[in-house]
2 protein chains.
Amino acid sequence: MDILFKTFIDHFSANQKLSEKTIAEICNHLSVLNLDKKHVLIKENQRHDFAYFVVKGAVRSYYLKDGVEVNTWFALENDMVGSLHNFKDHPSRETIELIENSTLISINLKRVKPLMFSNIQIANFINAIIEDYALFLEDKIYFSQMMSSINKYLILLDKEPQLFQRIPLTYIASFLGISRETLSRLRAK
Amino acid sequence: MDILFKTFIDHFSANQKLSEKTIAEICNHLSVLNLDKKHVLIKENQRHDFAYFVVKGAVRSYYLKDGVEVNTWFALENDMVGSLHNFKDHPSRETIELIENSTLISINLKRVKPLMFSNIQIANFINAIIEDYALFLEDKIYFSQMMSSINKYLILLDKEPQLFQRIPLTYIASFLGISRETLSRLRAK
DNA sequence: ATGATTTTGTGACATTTGTCAAATGAATTC
DNA sequence: GAATTCATTTGACAAATGTCACAAAATCAT
């Protein structure tokens, strides 16, 4: 088994011990990818069979609104990349693109999903991933509703300082839901 | 089995057939509740062992921001009420309160959760609920980022016209992230 | 029904944020 | 390392929204 697979599998099997057989079965549907900055993983409006786990690198997701890119999230090391729409075989609403040269693990959802109904460990493994994702979404909503833009900026700066080293302010501004000029002025204080 | 349980169970077992035994096991942890308007189901900052399914009625969720209520979502017939934070045994960030006299089914999460690791049908049943919830959250985020307030209002009016019959505009305004005066002015057009 | 309470609507004004334009600074490419 | 592209900052102004105050309408309770 590729040594990188272990990080990914461990990350989502904290609440149950997976048998060797299950681990092998999951690994059958994983691959390691090394891709360059600006590579597009998933295109808006297309169906796509894979989800990804970031081993090393940075990824962003955006969609076009009146021709302007709106950034919806960023993923760094140990984050998952993908969406439930994707998992449910709906076309993606977002484009997902690398911000840095990155190492990713891809998961073939189309092949792993059916195993949920025959292997209980896989059911709970996938469950852990989805739970984690839903918690992330809940936090995101709370964050975006709860805070004024300046507080969002301060909280983000406090909780995810790496973002500001690695991700252009233009992207962060659109993620926060404000124009880059406004973000620039908030920072001036 | 209470006849109301069937609606709930059918609603989340579209992708697998549950055995009689599993259905009975799930029903052990369900109850029917009839509660009055303004009853508080879950209080902000408290842990809570239950999730709910709305058979009949209307429910809202809100938190306090500088002493002002911010409404985060509304649930009507066939919607789930609860949060992942709740499921993961974290204190609730929101208060959940009935807007109308309602009939609900309560699910004892504390008791049902452990069954996921021994009963694969239950694992996939819960999975269906969580997937559904995560899809709801994705839509909510997309909706809130994608649209200008007037478009949010129009879309909501188009997709959930019942909300406007049953839920005060004050709540809807705060859900849309605008003041009630602004909503009132948007409606004037 | 009647008075009290809650909900919704409207006006005047202040504040925030967006937009456009231009300048500066940083990073990348040849 | 000079040139080119991209990212960030700043200013001036317009547009959108919030706030406060109050009026009108609807709803509730006795």
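Numbers restart at 1 for each chain; the letters A, B, ... are given by sequence-line order, proteins then strands.
- In this structure, R187(B) forms no cation-pi arrangement with Y153(B), as its terminal cationic atom is not both closer than 6.0 Å to the ring centre and no more than 45° off the ring axis.
- At whole-Å resolution of the value, CG in L176(A) and P in dT16(C) are 18 Å apart.
- Note on the helix from dA1(C)-dT30(D) to dC30(C)-dG1(D): terminal axis deviation equals 60°, with five pairs used at each end and the result rounded to 10°.
- With sequence neighbours left out, R180(B) forms a salt bridge (Lys or Arg N to Asp or Glu O under 4.0 Å) with no residue at all.
- Contact annotation: the side chain of L41(B) approaches that of L104(B) to within less than 4.5 Å [non-hydrogen atoms, C-beta and beyond].
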Subject >> nucleotides 17-27 of chain C: protein proximity per nucleotide (B base, S sugar-phosphate only, - neither; heavy atom, under 4.0 Å) >> reply: SSBBB------

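- Nucleotide dC6(D) holds its P atom 12 Å from the CD atom of E69(A), rounded to whole Å.
- Inter-residue side-chain proximity for Q46(A) and P91(A) is flagged as unmet; no heavy-atom pair is nearer than 4.5 Å.
- Between D139(B) and R93(A), at least one side-chain nitrogen of the basic residue sits less than 4.0 Å from a carboxylate oxygen of the acidic one, meeting the salt-bridge criterion.
- Under the 3.5 Å distance criterion, the side-chain polar atoms of N86(B) are matched with a main-chain donor or acceptor of F50(B).
- The backbone N or O of E94(B) lies less than 3.5 Å from no partner atom in the side chain of S61(B), so there is not a single donor-acceptor pair.
- The CG atom of L169(B) sits 12 Å away from the P atom of dT10(C) (whole-angstrom rounding).
- As rounded to whole Å, 16 Å separates atom P of dT17(D) from atom CZ of R187(B).
- For the OP1/OP2 pair of dT8(D) and a distance below 4.0 Å, the side-chain nitrogens and oxygens of T170(A) include at least one atom meeting the criterion.
- One interatomic measurement links the two molecules: CD1 of I99(B) to P of dT6(C), which rounds to 16 Å at whole-angstrom precision.
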Subject >> Annotated protein contacts, base or backbone, on nucleotides 25-30 of chain D with a non-hydrogen cut-off under 4.0 Å, one of B, S, - each >> reply: ---S--

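- Judged as a side chain to side chain donor-acceptor pair (under 3.5 Å), the pairs with a partner in residues 2-13 of chain B (not counting sequence neighbours) are, in order, K6(B)-D10(B).
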Atom pairs and distances, side-chain donor-acceptor, residues 24-40 of chain A, under 3.5 Å, sequence neighbours left out:
unit_1	atom_1	unit_2	atom_2	d
E25(A)	OE1	N119(A)	ND2	3.3
N34(A)	OD1	T103(A)	OG1	2.8

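- Distance CZ (F164(A)) to P (dT8(D)): 11 Å, rounded to an integer number of Å.
- Here the shortest heavy-atom pairing between M80(B) and A75(B) reads O-CB, 4.2 Å.
- Rounded to a whole Å, the CG atom of N71(A) is 14 Å from the C1' atom of dA7(D).
- When ring centroids are compared, Y142(B) and Y63(A) come within the 6.0 Å threshold.
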